[in-house]
Amino acid sequence: MFCANSTFKTALGGLVFLCALANAAQAEDQPFLSLDATDIEPASGRELEQNFGWNTGMSHRAFSEFEGETEFEYGWSDKLKLAAATSFAWDYNHDHTFPPSPSSSGSAWGGIKGEAVYQALNVYFDPVGLAVLVAPTIAPNYRGVEAKLLLQKNFINDRLRFVVNAGGEFGSEKDGAWSDASALTFDAGLAYNVTWEWSAALEFNAEHDFSGLMLNGRAVPEATSYYFGATIQYVAHPWTASVGVQLQLPWANDPTHTAGTLDGGYLAEAERTRVALRVTRDLY
């Protein structure tokens with residue numbers, strides 16, 4: 001009887017451990033700030049996410065922009081995650097001209113953003129992780145959609161994660177009048193779990209802008225910019241906090257050769273430094 005009970009308890013304990021491991025593997029894990037891993041919320045999982053950003057430094061001007069975004073995520077199923085977000089931004093500009101010009105500042109509502117992520121392959125059970133992200137946005141001065149393919153490969157018992165995002169943005173923006181705009185994006189990140197609670201990541205971003213829509217063949221190539229930085233994340237369930245810094249790389253190029261677009265290899269109208277903070281809380 002004792003042996004039978006011991007065997008039963010051992011089997012039960014093993015089953016509980018495997019269930020816990022499976023749940024942990026299916027839970028969302030996002031160690032990056034500027035790209036998306038293929039992990040998603042489990043079925044009926046919920047998460048509240050708050051992002052803060054500070055963008056600063058432009059050629060020939062003093063510039064600061066503060067951003068805030070609130071997002072709610074919901075696991076529709078183990079394969080599909082849905083999310084809704086809204087954002088707000090405030091910026092300050094002061095041109096370095098002579099004679100001095102007055103500074104300006106303003107705020108803007110970022111509208112409503114939706115997001116759907118479909119996980120085709122689970123990185124913990126398949127050779128690679130594969131997902132598709134679609135995110136439409138409607139705002140007072142912008143309307144468009146972002147689409148990305150997410151690819152992930154884990155190493156060293158899932159402690160080291162390599163992630164690639166590739167896709168584009170297509171829409172219209174208002175600057176006096178409405179005009180079409182597009183962008184091709186490529187993001188890559190490498191994250192390592194130093195401990196159960198701490199992880200460190202490196203992130204690379206490239207964006208190639210177009211005037212006009214690529215979907216109708218009328219897009220004209222414009223400037224390309226590159227960013228690189230590091231992110232640190234701390235996990236204390238149900239809370240997670242991430243902080244990161246990205247710097248623009250002096251590799252920008254402009255096929256239109258418009259005067260003033262580039263400054264020493266930097267894109268003049270793009271911030272030199274991006275600082276980001278994210279705090280999330282699981283609601284299940």
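All residue numbers refer to positions in the sequence shown, counting from 1. What you are looking at is a predicted structure, and each value in this text was computed from that prediction instead of being measured.
Counting non-hydrogen atoms of neighbouring residues, nucleotides and ligands closer than 6.0 angstrom, the CD1 atom of I138 reaches no more than 12 such neighbours. Within a 6.0 Å radius of NZ in K174, no more than 12 heavy atoms belonging to other residues, nucleotides or ligands are found. A 6.0 Å sphere centred on CH2 of W251 holds no more than 12 heavy atoms belonging to other residues, nucleotides or ligands.
By the 4.5 Å heavy-atom criterion applied to side chains, Q50 and R278 are not counted as neighbours. Side-chain contact check for Q248 versus L267: some heavy-atom pair is nearer than 4.5 Å. E67 places none of its side-chain heavy atoms less than 4.5 Å from the side chain of S87. By the 4.5 Å heavy-atom criterion applied to side chains, T38 and L151 are not counted as neighbours. Residues S172 and Y142 are not in side-chain contact: their nearest non-hydrogen atoms beyond the backbone lie 4.5 Å or more apart. The shortest distance between side-chain heavy atoms of E169 and K148 does not fall below 4.5 Å. You'll find the side chain of L150 reaches within 4.5 Å of the side chain of V117, heavy atoms only.
Using a 4.5 Å cut-off between side-chain heavy atoms of Ile, Leu, Val, Met, Phe, Trp and Tyr, with links allowed through other members, V235 and V243 fall into different hydrophobic clusters. No chain of hydrophobic side-chain contacts below 4.5 Å, direct or via other Ile, Leu, Val, Met, Phe, Trp or Tyr residues, connects F228 to L33. One hydrophobic cluster, built from ILVMFWY side chains closer than 4.5 Å, holds both L149 and V128. The cluster map of Ile, Leu, Val, Met, Phe, Trp and Tyr, joined by side-chain heavy atoms under 4.5 Å apart, puts V134 and W76 in different clusters. Under the 4.5 Å side-chain heavy-atom criterion for grouping Ile, Leu, Val, Met, Phe, Trp and Tyr, V163 is not connected to L184 through any hydrophobic cluster.
Counted by atom type alone, S103 and H94 present zero donor-acceptor pairs between their side chains at under 3.5 Å.
Here CZ of F63 is found 12.0 Å from CG of D95. Values are rounded to the nearest 0.5 Å. Note: E173 CD to R143 CZ = 11.5 Å, rounded to the nearest 0.5 Å. Once rounded to the nearest 0.5 Å, the distance linking CZ of F32 with CG of N205 reads 11.0 Å. With rounding to the nearest 0.5 Å, the separation of CD1 in I112 from OG1 in T137 is 9.5 Å. Rounded to the nearest 0.5 angstrom, E41 CD and Q119 CD are separated by 11.5 Å. Annotation: the span from N154 atom CG to N193 atom CG amounts to 9.0 Å, rounded to 0.5 Å.
Although no hydrogens or angles enter the test, the distance criterion places no donor-acceptor pair under 3.5 Å between the side chain of R218 and the main chain of D180. Judged purely by atom type and a 3.5 angstrom limit, N165 uses its side chain to pair as donor or acceptor with the backbone of D36.
By the 30° and 60° cut-offs, the orientation of the rings of Y92 relative to W90 is parallel. The aromatic rings of Y226 and F204 lie parallel to each other, their planes meeting at an angle below 30°, with 60° marking the opposite boundary.
With Y266 as the aromatic partner, R272 meets the cation-pi criteria of under 6.0 angstrom to the ring centre and within 45 degrees of the ring axis.
The aromatic ring centroids of Y234 and W198 lie less than 6.0 Å from each other.
Listed by chain and number, the residues in a ring pair (Phe, Tyr, Trp, His ring centres under 6.0 Å) with Y227 amount to none (sequence neighbours excluded).
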